[in-house]
Structures are given as C-alpha cells and as structure tokens.
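Structure, as structure tokens:
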Amino acid sequence: SDGNAPQDFDPGNAPSDGTITITEKGVYVVSGTLEDGQIIVDASDSDKVQIVLDGVNINCETNAAIYVREADKVFITLAENSSNTLGGGNEYTQIDDNTVDGVIFSKSDLVCNGTGSLTIEADYKHGIVSKDDLVITGGTYKITAADNGITAKDQLKILDGSFDIDAANSAVKAKNTDDTEFGNIYIAGGVFTVKAEQDGFHATGSIVVDDGTITCLLYTSPSPRDTR
C-alpha cells in the first residue's frame, strides 16, 4: 500500500483460516461476509490505519472480529448508509500474549466515526474495547454484551452518535487501576439508551457530561439476551 489509495477487501476472499491481516498504514474498505474469521491490524506503532466498514458481516467464534494488535491509531469508519454487524462465540481462544475480550478489541488508540450503523453481538464479554484511548465521533450503534458494552482504559470520549446498549455489566465503562488520572469518561453529545445490570456509566476516574440525551432503562429478568 502507498498509504493513500483505499484498498477494497471482501472478507469472503479471506485466507482459509479466515484471518485478514493488515500490516501497513492506509485506508481499507471492507464489505461482504466472513462467517468465521477476523481482521487483525498488526502494523508499526507509528502507522495510522483506517478501516471503512461498508456493508460488513463478520463473525468470529473464538476471538475478536476486529483485533488491533499494534498501530499508532486505528479509525473504524461506518460508511454512509451502510449497515454492519460484528459478533462471535461465547468463548475466546487467545492467540498471543494479549487477553482479547471484545468483539472489537484494540491495544492502540481507537476512533470510531462515520454515519452508518454497527450492530455488535458480544456473547463472550465486551462490545468495543480499547486498552488505550477510545473516541467515538458518530454513527449508530446497537450493542448487546455479556459484560460491558463500550470500555476503555485511559480515556473514553463520545462526541456524537446514537447508542442502544444492553449490557450484563456496565453499558459504558472507563477503568484504569494503574493510574488514577485515567479511567475517564467525557460525553459531549449523542443519544444514549442504555440497559445495564450494573451501571449505565462507570469510571474509575471522572465522568463529565457536557451534552447529550441519556435514557437508562431498568434491567428486568429475563433479559432480551436470554430470550432472543
């Protein structure tokens, strides 16, 4: 890749093991279905990678549907008018030293943007995980999670978007047990409808809400997750 021209990927043309690996900076447009496989970003720690989801259905039974192992920053962009679904099984098998526990799992800074929609069915644990900063600037998200819906370690910033989250733990969480200055949530806008057995929003640091519409629904049993 020259790092500029977008590259088109059809997950249906993935290698036999179902793994699509991105090793260089650039823009990657993904559309199509992958019944059991994943996208791995394994670039240099100075590379910025943009993955455009444009009508994607990726299911990974044993690990994250999108796994960012290394990069400087990764952008997951929901293409205009696109509908995308990511999901997986209820038990993960680790493939390296990282403990992957989300349908989208990133060791690097992660930005989710665009105007399309993304449905995440996290039957194992979490929906979206960043072990660094997570910024969401737009998109329509429907997340059902066996643990947390959206979680980050250092900073979780949401500027805009529509979020429908049903989580068995917390809907939106920032947790950093190593540094008390981190584990922060900042909400500048967006529409949130959250149902969580624990907390709608949970942070080990601070929670600041400047704008947005938040509706927290009572969690009653049995949940939709148990009866779907």
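The shown structure was predicted, so the numbers you read here are calculated from the model rather than taken from an experiment.
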Of all the heavy-atom pairs spanning [X] and [Y], show the shortest one and how long it is.
{"X": "D72", "Y": "K48", "value": "OD2-NZ, 2.7 Å"}
{"X": "S82", "Y": "D54", "value": "CB-OD1, 3.6 Å"}
{"X": "A167", "Y": "D147", "value": "CB-O, 3.4 Å"}
{"X": "Y124", "Y": "V100", "value": "CE2-O, 4.0 Å"}

Using side-chain heavy atoms (C-beta onward) and a distance below 4.5 Å, is [X] in contact with [Y]?
{"X": "Q50", "Y": "Y28", "result": "no"}
{"X": "D132", "Y": "S108", "result": "no"}
{"X": "I66", "Y": "L86", "result": "yes"}
{"X": "D210", "Y": "I187", "result": "no"}
{"X": "Q38", "Y": "I95", "result": "yes"}

Q | More than 12 heavy atoms from other groups under 6.0 Å of CD on E35 | A |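 Check fails, neighbour count at 12 or below.
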
Q.
If you apply the rule salt bridge (Lys or Arg N to Asp or Glu O under 4.0 Å), what do you find for D96 with R69, and how did you get there?
A. CA-CA 9 Å; D96 53 29; R69 182 182 282 143; 2.8 Å; yes

Q.
Any side-chain to backbone donor/acceptor pair from N176 onto D179? Under 3.5 Å, distance only.
A.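 At least one qualifying donor-acceptor pair exists.
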
Q.
Please evaluate residues D178 and K153 with respect to the criterion salt bridge (Lys or Arg N to Asp or Glu O under 4.0 Å), reporting the C-alpha separation (whole Å), side-chain torsions for both, the decisive distance (0.1 Å), and the verdict.
A. CA-CA 10 Å; D178 303 324; K153 184 174 183 181; 3.0 Å; yes

Q. Apart from V135 itself, what residues make up its hydrophobic cluster, given side-chain heavy atom links below 4.5 Å?
A.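 Its cluster partners, ordered by chain and number, are F75, V111.
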
Q. Angle class for the F192/F201 ring planes (parallel below 30°, perpendicular above 60°, tilted otherwise)?
A.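 Ring orientation, 0 to 90° scale: perpendicular.
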
Q) Taking atom types as modelled, is there a side-chain donor on N59 or D36 under 3.5 Å from an acceptor on the other? A)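 No, because no side-chain N or O of N59 sits under 3.5 Å from a partner of the opposite role on D36.
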
